[in-house]
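A short worksheet on the structure shown next.
The basis for the numbers below is simple: all heavy atoms, side chains too, and nothing from hydrogens, waters or symmetry mates.
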There are 2 protein chains.
Amino acid sequence: MSTNNQIKVDPRIKRTKRMFKEALISLLEENYDRSKLTVQSIADRAELNRATFYLHYRDIEDLMEQMINEVLDEMYQTINPLSQDNLSLGKASLISFLEHIYQHAGLFNVMLENKDFRKRVFSMLLEIVSLWREERKVKGRSFQVSNEIIASSTLGIVTWWIQEGTPYSPSYLANQIIKMV
Amino acid sequence: MSTNNQIKVDPRIKRTKRMFKEALISLLEENYDRSKLTVQSIADRAELNRATFYLHYRDIEDLMEQMINEVLDEMYQTINPLSQDNLSLGKASLISFLEHIYQHAGLFNVMLENKDFRKRVFSMLLEIVSLWREERKVKGRSFQVSNEIIASSTLGIVTWWIQEGTPYSPSYLANQIIKMV
DNA sequence: CAATTAATCGACAAAGTGTCAATTAGATAA
DNA sequence: TTATCTAATTGACACTTTGTCGATTAATTG
């Protein structure tokens, strides 16, 4: 699923791709006028040639997509419940999830505008919520509210939290979310 | 705040602007490739001349903005609690809000991708939630969870609901939301 | 060092943008 | 109905952006 499977990749390519990614992020983070977000502006910021961009990406969308895949792969490993052990797996996953976002708040604030990214974060949340509620055996109480509703409301909260500059700590927010369920 | 304040507006202008708006919506609703969404493609769909577009709008963003303003003005009137009377104002507003979205699901599904639109819908929800919780005097219980958290989670739920093709009825969803609080 | 391949550069056609003056056609009021 | 406004159309313009080339320079690896 990921790129970078053991095969050695030319350090020039690594560097170049990193430069383009950093360039795009920095432009997006400073609310760069979207209508002026051109391949040329990204190449300028990366201090690379415009033609080099097309050596690696089809267009700006493609660059964005690749970045999203990398970010999500990384996050998915972070919240992987196999890494945690005793205590509530669901809650632990939620806190890991929020902490990971907290560490990369700027990036996530930008990424969450992307519809595909939101969809995939939603899927992750759905997994976490299902896990947590299975443990709690809320199933016995016939699931008054569906997992989808919990997951989507959590995504709403996270979106707001990031946009407001992460006003609460990840663990406090996790508690607020859990309290709400 | 709105346009159209009593002054008679040339019917040709009304018609033309309506055509452009309908054209943009129809293109967006059929998931028209965003990178091919040009002024020309909108003018083609509207069966109007490209130059005519510039007679009314600065660019595509401007058209989008004007559409958002109209949709939000309309929605704001719909949920205006002054129009409702007895019973819980907050709950009535929430149901009106959801019903209005339900009636224009296709349009909202497209609009909710817009950051500015989301921000303004959030503000409306914050008003509704504040109103509802004031009535309930949840304040006495020291607001375990803030209004912002409720509003943002509601926005998350609504976004999911629309994206999934409004699987529940507005009143059922309103109950689920209220139950969660 | 030599072989390989990434990055740069200049150039190109194609498409999109925003604006314009001149013209056509529709709305409105006398 | 006719005369007057003014919206819409049309073709054209300079300009920007896109995506792709072949030729060249520079970095990596064995």
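- When rounded to the nearest whole Å, the span between NZ of B:K17 and P of D:dA7 equals 12 Å.
- Close approach of DNA chain C to chain B, defined as any atom under 4.0 Å from a non-hydrogen atom of the protein, starts and stops at C:dG16 to C:dT28.
- Between B:Q40 and A:I13, the residue whose closest nucleotide on DNA chain C is further toward the 5' end is A:I13.
- When the P atom of D:dT16 is taken as reference, atom CG of A:D33 falls 16 Å away, rounded to whole Å.
- Straight-line distance from the CZ atom of B:R15 to the C1' atom of D:dT6: 16 Å, rounded to whole Å.
- Side-chain atoms of B:T166 do not come within 3.5 Å of backbone N or O of B:I162 as any donor-acceptor pair.
- The shortest distance between the side-chain N/O atoms of B:N49 and the OP1/OP2 oxygens of D:dT10 is below 4.0 Å.
- Within the 3.5 Å criterion, the main-chain N or O of B:A92 finds a donor-acceptor partner in the side chain of B:S96.
- Proximity note for A:A51 (side chain, C-beta onward) versus D:dG30, D:dC21, D:dT9: the nearest is D:dC21.
- Taking atom CZ of residue B:R12 and atom C1' of nucleotide D:dT6, one finds them 6 Å apart after rounding to whole Å.
- Remark: the backbone N or O of A:L48 is not paired with any side-chain donor or acceptor of A:T52 at under 3.5 angstrom.
- On a pure distance criterion of 3.5 Å, no polar donor-acceptor pair joins the side chain of B:R50 and the base of D:dG11.
- Rounded to a whole Å, the CD1 atom of A:I42 is 15 Å from the C1' atom of D:dG19.
- We find that NE2 of B:H56 is positioned 12 Å from C1' of D:dT9, with the value rounded to whole Å.
- If you take CG of A:D59 and C1' of D:dG19, they are 10 Å apart, rounded to a whole angstrom.
- Rounded to an integer number of Å, the gap from CD of B:E47 to C1' of D:dA8 is 15 Å.
- Within the nucleic acid shown, A:T38 comes within 4.0 Å of sugar-phosphate atoms alone, with no base atom in reach, counting heavy atoms only.
- Partners of B:Y57 under the ring-ring contact (aromatic ring centres under 6.0 Å, His included) rule, at least two apart in sequence or in another chain, are B:F53.
- No donor-acceptor pair closer than 3.5 Å links the side chain of A:W161 to the backbone N or O of A:L173.
- Here the two rings, on B:F108 and B:F117, have centers that are under 6.0 Å apart.
- Contacts of A:D10 with the nucleic acid, taken as non-hydrogen atoms under 4.0 Å apart, involve only primed sugar atoms and P, OP1 or OP2.
- The closest donor-acceptor contact from the side chain of A:R118 to the backbone of A:L112 lies under 3.5 Å.
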